[in-house]
Every structure is written in structure tokens, then in C-alpha cells.
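Quick notes on the structure that follows.
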Amino acid sequence: MKNVLTVLFVLTAVSFAEVSGDIVQGYLDQIGEDLIYERAEDEFMLLAETEDETQIPYMYILADPEMEGCLLVALTPGVVPESGAERTAALEVVSQLNWNNTWVKFAIDPESGDVSAMYTFSTENGLGYESFAVMLNLLLGTVDENWDTLLAI
């Protein structure tokens, strides 16, 4: 009985562990050496390197321990025009993308018109590496699957 209580205590402590920037950094480091990122406290910017070694941001991650949540934002090639029929058509495309995708939601920056793909999740019960990696891949895979549609906006 004592061993069972000890195991339950450990599992409870692990499941309520605060998700911090350090945990996310550890997970990003586990993904592999090819992953390039910059960190500012609990915020991360993932960077792709071009052939001429220029680094281009492609994903933003925020771990918010106070809100017990994590936000993943993938940048896309989509830009919604400021006005006109092209804007209406672009907004319809983004609405259709949101309808078609259960987990990932597409958002538009009202100032720039940039389209991004977002996935927000609760970390109130902790966050394991496998779950984090699945969510990261789901978001990037969804952007990749819809790349041509986003590029055409």
C-alpha cells in the first residue's frame, strides 16, 4: 500500500508540473540538431536556414505557466489583401481552411494581413515530449498540406 501511495504521489506531482520555457527548450533540443531557434524567456522563434545561410522565422512558441497554456503559431505565405474582391475571396479561403481543419485554426493579423496557423492547448496537467512533438508536427503538416492554397491568397 505504501508503494502504491508513493507512485500516486509521484504521478500527481508529474502531472501538475508547471510547463516552462526550460521544458519547451528541452523538448526542442530533443527534436534534433537541425532545429534552429531563438529564445526569450518563455518565448521561442523557430528559424529555417536558406542556402545562403539566412535565417527565416517559421514558427513562434509561447509557454505561459501563469495561464497554464502553450501557443504554437506557424507562419504561412498567405497575405489577405486590404480591400476589394480579392480580400473577400481570401477571407472565404481562410474560413474554408478553418472549417476543414479540426485542430489547427488559421488567423489573420489585422494590421499586416498575414495569415498564420495556430494551435493552443492547456498545460494544466503537464506536457509530455510526445504530445508536444505531435502538436508541432500537426501544425507544420497542416501548413504544408495547405501551402499552395495559402500561397494563392
Side-chain angles (χ1 to χ4, degrees), residues 1-51 53-80 91 93-151 153:
M1 182 67 171
K2 183 179 176 184
N3 289 338
V4 171
L5 290 176
T6 302
V7 169
L8 286 175
F9 176 74
V10 169
L11 288 175
T12 302
V14 169
S15 69
F16 290 107
E18 184 177 279
V19 174
S20 66
D22 292 337
I23 291 172
V24 171
Q25 180 174 350
Y27 290 167
L28 293 174
D29 291 343
Q30 270 186 272
I31 289 173
E33 295 175 12
D34 295 339
L35 187 68
I36 303 167
Y37 63 88
E38 294 177 352
R39 177 182 179 185
E41 294 187 29
D42 293 334
E43 298 179 65
F44 299 83
M45 184 63 73
L46 278 56
L47 305 163
E49 196 166 79
T50 63
E51 290 179 9
E53 297 183 12
T54 303
Q55 293 181 341
I56 301 170
Y58 67 91
M59 178 175 279
Y60 168 79
I61 300 173
L62 169 65
D64 191 336
E66 289 181 25
M67 297 295 292
E68 295 182 325
C70 189
L71 170 67
L72 304 175
V73 179
L75 307 177
T76 77
V79 179
V80 173
L91 293 173
V93 168
V94 172
S95 293
Q96 188 64 50
L97 287 169
N98 281 328
W99 179 261
N100 294 343
N101 292 283
T102 305
W103 303 102
V104 174
K105 293 304 165 204
F106 291 86
I108 303 161
D109 182 316
E111 293 180 17
S112 66
D114 292 336
V115 179
S116 59
M118 304 173 126
Y119 188 86
T120 306
F121 52 92
S122 169
T123 60
E124 66 183 322
N125 292 320
L127 174 66
Y129 170 74
E130 291 81 11
S131 297
F132 180 80
V134 165
M135 290 180 266
L136 198 73
N137 285 323
L138 174 71
L139 184 59
L140 293 174
T142 301
V143 171
D144 189 50
E145 288 172 16
N146 294 286
W147 189 265
D148 291 337
T149 301
L150 291 160
L151 191 58
I153 291 179

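Please read these numbers as outputs of a predicted model, since none were measured by experiment. Each residue takes its place number in the sequence, starting with 1.
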For residues [X] and [Y], determine if any side-chain heavy atom of one lies less than 4.5 Å from a side-chain heavy atom of the other.
{"X": "Leu46", "Y": "Leu28", "result": "yes"}
{"X": "Tyr58", "Y": "Ile36", "result": "no"}
{"X": "Arg39", "Y": "Ile61", "result": "no"}
{"X": "Leu75", "Y": "Ile56", "result": "no"}
{"X": "Phe121", "Y": "Leu72", "result": "yes"}
{"X": "Leu150", "Y": "Leu97", "result": "yes"}
{"X": "Tyr129", "Y": "Ile23", "result": "no"}

Would you please test Thr76 and Asn146 for side chain to side chain contact (heavy atoms under 4.5 Å, CB included) and show each step?
CA-CA 9 Å; Thr76 77; Asn146 294 286; over 6 Å; no

With sequence neighbours excluded, tell me which residues meet salt bridge (charged side-chain N to carboxylate O under 4.0 Å, His left out) with Asp64.
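With sequence neighbours excluded, Asp64 shows a salt bridge (charged side-chain N to carboxylate O under 4.0 Å, His left out) to no residue whatsoever.
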
Measure the [atom1]-[atom2] distance between [X] and [Y] for me, rounded to the nearest 0.5 Å.
{"X": "Glu38", "Y": "Met45", "atom1": "CD", "atom2": "CE", "value": "8.0 Å"}
{"X": "Glu130", "Y": "Met135", "atom1": "CD", "atom2": "CE", "value": "10.5 Å"}
{"X": "Tyr60", "Y": "Leu71", "atom1": "OH", "atom2": "CG", "value": "6.5 Å"}
{"X": "Tyr37", "Y": "Glu43", "atom1": "OH", "atom2": "CD", "value": "14.5 Å"}
{"X": "Glu145", "Y": "Asn100", "atom1": "CD", "atom2": "CG", "value": "11.0 Å"}
{"X": "Phe132", "Y": "Ile31", "atom1": "CZ", "atom2": "CD1", "value": "5.5 Å"}

Please answer whether the main-chain N or O of Ala133 pairs with a side-chain N or O of Asn137 as donor and acceptor at a distance below 3.5 Å.
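It does hold such a pair.
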
Which heavy atom in [X] sits nearest to a heavy atom in [Y], and how many Å separate them?
{"X": "Ser20", "Y": "Asp42", "value": "C-OD1, 4.0 Å"}
{"X": "Gly21", "Y": "Phe44", "value": "O-CZ, 3.1 Å"}
{"X": "Val79", "Y": "Ser112", "value": "CG1-O, 3.8 Å"}
{"X": "Asn98", "Y": "Val104", "value": "OD1-O, 4.3 Å"}
{"X": "Val143", "Y": "Ala117", "value": "CG2-CB, 3.6 Å"}
{"X": "Gly78", "Y": "Ile153", "value": "CA-CB, 4.5 Å"}

Output, in order, the C-alpha distance, side-chain angles, deciding distance and verdict of side chain to side chain contact (heavy atoms under 4.5 Å, CB included) for Ser131 and Val134.
CA-CA 5 Å; Ser131 297; Val134 165; 5.8 Å; no

For Ser95, check side-chain contact (heavy atoms from CB on, under 4.5 Å) against everything at least two apart and list the hits.
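Applying side-chain contact (heavy atoms from CB on, under 4.5 Å) to Ser95 gives none.
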
Let me see the working for Leu139 and Trp103 under side chain to side chain contact (heavy atoms under 4.5 Å, CB included), right down to the final yes or no.
CA-CA 8 Å; Leu139 184 59; Trp103 303 102; over 6 Å; no

Would you sort out whether Thr149 and Val93 count as a side chain to side chain contact (heavy atoms under 4.5 Å, CB included), showing the intermediate values?
CA-CA 8 Å; Thr149 301; Val93 168; 3.5 Å; yes

